[in-house]
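First up is the structure itself, then whatever we jot down about it.
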Amino acid sequence: MITIATLGPAVSDCFQAAKLYDPDAEVFLFNRIPEVLASFTRGEVECALIPVYNTREGEVKEYFRLIADMTACHWIDNVVLPIHLSLGSLDDSDDHQTIHTIVGRNSVLRQSSEYLENHFGDATLMAVNDLEATVTSIRKKGCKGYGVIESEELLKKLQLKLLDREVVSHNRTRFAILKKSPAPISGYDATSVITRPLRDRVGMLADILGEFTRRGINILDLKTENDINTQKLRIYVEVEGHRDSDSMQQALATIESSVIQEDGALRILGSFPRVDMRVKNIRSFGFIGSGDMSVWFAQRLANEGYETIITGRSSEMTPEQMIEKVDVVMVCVPISVTAKTILKFGPLIRDGQALIILAGESENTIEAAMKATHPGVEVMFVHNLWGPQALTMKDKNASIVRTHRSGSFCSEFEAFLYKHGADIYQDNARKHDLLMGVGQKLPTTISVALGMTLESHSIDFSDINSHSTLTSLYTILAMARVHNQNPRTYAEIMATSGEGRKIVKSFVKNVLKITELAENGEIEALSEIMEKNRSVMPSSFLKSRMKQAKAVDEILSQPGIRSAK
Ligand SMILES: NC(=O)C1=CN([C@@H]2O[C@H](COP(=O)(O)OP(=O)(O)OC[C@H]3O[C@@H](n4cnc5c(N)ncnc54)[C@H](O)[C@@H]3O)[C@@H](O)[C@H]2O)C=CC1
Ligand SMILES: O=C(O)C(=O)Cc1ccc(O)cc1
């Protein structure tokens, strides 16, 4: 049986939270948080449980400083408890009109402030530590007109008359569990860190947060406080991930050594299974297709606490069995077999489930999904414009085609992309396919054709870097990128159907036309074509893309990059 120290009395929120954490725990009760922590430090109990956040009050300030100063103390878990508060009167003859003083614990009065302002604007508020002793003393004096706000259970125990139930809505408190040893990785963790009081330094807060952002670590909570003695800033953050993970260790080490530049500037309060104060509707995602992109998404969804199942043609669990079990079915197979796969498995998806198509071609695949699935199935298309080598989706483009059947599950998946920093563009199916002609199909075709051309002329590849201009280098880089990756992915892209085809076809015609003019030395005609092209390119487009190009030039001209072998 574990022992837990927390705030009393025996029916308090803290007591209930301790019992929720472990119904068999032996609970030791105190009146104030410092007493709870002192008992834990003396080793009288294995755990301490203290309130850290309330949806009405915000953070419970006291804990912040106190646990930062404790050594051998790890925040290892959390309990979230809905708090139900009621109003009672000490005297049976009292009602709403005769109450002139409201008694309650400090935190309870803060949580009830909206209710008190609306209903007891003129009443005196009396904050107490020991409610039972106060009630006994008021009773002894025979005073009338006293109301108490507390849980209904405690009001009954103190034999008060119940006047109002549930006086504060949406009232939930988060409690921290403290222990002497750290919690192991659960796979869905958060880490809480506080800084020492910091010396002034321009951009310190932005630089600290930047180290997390650069590594794709989401920030869940942020508070700053001025140290009472020195008035220097202390920063508290809660971020996603466990303290033992590589990216977290790197982020924390860099913050200490390069940003704050002081050893011991950070105190890790603990890592613990993540707490969801927000509502999630999806429990599980199942993938059809067990390739790189499925694995990439499944890992990141699992890190968000979702259950994930990957199935394919040779997996132990079949796609049919998986569809029975999950909320959202993700189809993630090569583009050329996406529609066929949807037609095969779509009819098995039940109303209330969702089908999300992860692919590079939209019109055909959505049409297949709308045809093959029941009308109560949500359908959405998502094209992530990054490959499985990407570490994070931060600042990368995602094109989404919603249908009239995209509902709350689809929105939750979109919220997941948004949370991780993806730039989301809502398209219709034709527009997606047309723009992928420009953004993907054509550049891939050019890259592959360039590769073929170099091959057929036996060009020495060691001459390419030294003989490219700033402008021509981009095409070479695109060719290298494409040929660095899975050929099948790019073959699929070149072979997609849909609106993108017309872009490639007209490009080919234009190449032939230009080549002929060039062969004939028609410089005037070629210049005119360029002038005409430029006349339809908005100057804002030319300016901003040129700015990007120059930024790339700058990076490429750095010594280590320029001469990179
Ligand atoms: N790899 C990339 O860079 C990106 C890929 N995508 C899209 O993601 C989807 C999946 O791509 P990856 O995971 O990269 O491909 P992959 O080749 O790594 O995986 C494809 C999976 O589909 C399975 N598969 C192949 N033929 C099948 C068939 N006839 N029936 C059922 N399953 C079959 C394969 O066994 C494999 O498990 C594609 O639609 C692709 O366009 C989107 C953005 C980037
Ligand atoms: O990483 C790159 O350069 C890619 O081109 C990745 C990629 C491959 C296929 C897609 O449908 C979208 C993006």
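Ligands are counted one by one from 1 in listed order, and the atoms in each one are counted from 1 as well. Note that the structure is predicted; figures quoted are calculated from it, not measured.
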Geometric class of the F297/W386 ring pair [parallel <30°, tilted 30-60°, perpendicular >60°]: tilted
Parallel, tilted or perpendicular, as decided by the 30° and 60° cut-offs, for the rings of F381 and H383: perpendicular
Report, in ascending order of atom number, the atoms of ligand 1 lying under 4.0 Å from any heavy atom of [X].
X	result
A359	39 (O)
C332	8 (O), 9 (C), 10 (C)
I335	39 (O), 41 (O)

D292 N/O to ligand 1 N/O under 3.5 Å: yes
Geometric N/O contact S290 with ligand 1, under 3.5 angstrom: yes
Return the closest protein heavy atom for [atom] as residue, atom name and distance.
atom	answer
atom 4 (C) of ligand 1	M293 SD, 3.7 Å
atom 29 (N) of ligand 1	V337 CG1, 3.5 Å
atom 17 (O) of ligand 1	N486 ND2, 4.2 Å
atom 20 (C) of ligand 1	P334 CD, 3.5 Å
atom 16 (P) of ligand 1	G291 CA, 3.9 Å
atom 24 (N) of ligand 1	R313 NH2, 3.4 Å
atom 2 (C) of ligand 1	P388 CD, 3.5 Å

Under 3.5 Å: donor-acceptor pair, side chain of R430, backbone of E499: no
Check: G289 main-chain N/O paired with S294 side-chain donor or acceptor under 3.5 Å: yes
May I ask whether [X] places a heavy atom under 4.0 Å from ligand 1?
X	result
G312	no
R488	no
W386	yes

Nearest candidate to atom 39 (O) of ligand 1, where distance is taken over non-hydrogen atoms, out of T311, V333, T489: V333
Neighbouring protein residues of ligand 2 - any heavy atom closer than 4.0 Å: H383, N384, L385, W386, G387, Q440, R481, Q485, T489, Y490, I493
Side chain, backbone, both or neither: I493 near ligand 1, heavy atoms under 4.0 Å: neither
Looking only at side chains, do [X] and [Y] share a donor and an acceptor under 3.5 Å apart?
X	Y	answer
Y236	E225	no
R274	S186	no
D189	S271	no
K325	S284	no
T373	R405	yes
E238	Y53	no

Derivation of the side chain to side chain contact (heavy atoms under 4.5 Å, CB included) call for L454 and M479: CA-CA 11 Å; L454 296 182; M479 178 194 71; 3.7 Å; yes
Pi-cation contact, Y425 with K431 (under 6.0 Å, within 45°): no
